[in-house]
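All remarks here apply to the structure that follows.
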Amino acid sequence: MLTLLTNLPRDVLIKQLQDGLVLLVLGMGFVFIFLAILVLVTKLMSRVCSKIAPAPQPKAKTVAPSAASIARPAAGNVSKDAEIAAAIAAAYSKSRN
């Protein structure tokens, strides 16, 4: 390939390089413009969709009693580590059944 380029006359080689640069700039320009339009259209569609069908509002969470709170002794002086250990033990025994 390099031997072919060196055999070309200087003016033909310069013309081919210029044509290549023009194609490079045009190709990259079209891709950039297309991607910019794509981003704008995506943002516009996101706004339109959020106006047409807004996201549902989260409902208030109902807290179910956890295994740690069920296994808590009446004294109430249980450390956090003991509560976590009780929850792990309850979850493990439930998963084994």
Side-chain angles (χ1 to χ4, degrees):
M1 184 72 178
L2 291 176
T3 57
L4 295 176
L5 291 177
T6 56
N7 292 339
L8 289 175
R10 183 177 170 87
D11 57 341
V12 174
L13 183 60
I14 290 174
K15 178 67 175 151
Q16 285 186 348
L17 287 174
Q18 287 174 344
D19 291 342
L21 287 174
V22 168
L23 285 175
L24 174 91
V25 170
L26 284 175
M28 290 178 72
F30 278 121
V31 169
F32 178 77
I33 290 171
F34 172 76
L35 290 176
I37 291 172
L38 183 67
V39 167
L40 293 175
V41 168
T42 304
K43 286 184 179 185
L44 177 68
M45 287 300 296
S46 175
R47 287 183 185 166
V48 168
C49 289
S50 66
K51 298 233 186 226
I52 292 174
Q57 298 296 326
K59 296 179 181 177
K61 294 182 180 179
T62 56
V63 178
S66 66
S69 65
I70 293 172
R72 185 175 296 148
N77 291 336
V78 179
S79 70
K80 208 61 160 157
D81 290 337
E83 290 180 7
I84 293 172
I88 291 172
Y92 180 75
S93 66
K94 187 173 183 177
S95 70
R96 299 300 276 179
N97 293 333

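Values below: all heavy atoms of this structure, side chains included; hydrogens, waters and symmetry mates excluded.
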Does the side chain of [X] reach to within under 4.5 Å of the side chain of [Y], using non-hydrogen atoms?
X: Leu35; Y: Val39; result: no
X: Val22; Y: Asp19; result: no
X: Ile37; Y: Ile33; result: yes

Original post:
Under 3.5 Å, side chain of Ser93 to main-chain N/O of Ala89, donor-acceptor pair present?
Top reply: yes
Original post:
Between Lys15 and Asp11, does at least one N-O distance fall below 4.0 Å, as a salt bridge requires?
Top reply: no
Original post:
What residues form a side chain to side chain donor-acceptor pair (under 3.5 Å) with Asp81, not counting sequence neighbours?
Top reply: none
**OP:** Determine whether Leu21 and Met28 fall in the same hydrophobic cluster, where Ile, Leu, Val, Met, Phe, Trp and Tyr are linked whenever their side-chain heavy atoms lie under 4.5 Å apart.
**Re:**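 Yes; Met28 is reachable from Leu21 via cluster members.
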Original post:
Under a single-linkage definition using a 4.5 Å side-chain heavy-atom cutoff for Ile, Leu, Val, Met, Phe, Trp and Tyr, are Phe34 and Val31 assigned to the same hydrophobic cluster?
Top reply: yes
Subject >> Value rounded to 0.5 Å, distance of OH in Tyr92 from CD1 in Ile88 >> reply: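 Going from the OH atom of Tyr92 to the CD1 atom of Ile88 covers 12.5 Å.
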Subject >> From CD (Gln18) to CG (Leu13), nearest 0.5 Å >> reply: 10.0 Å
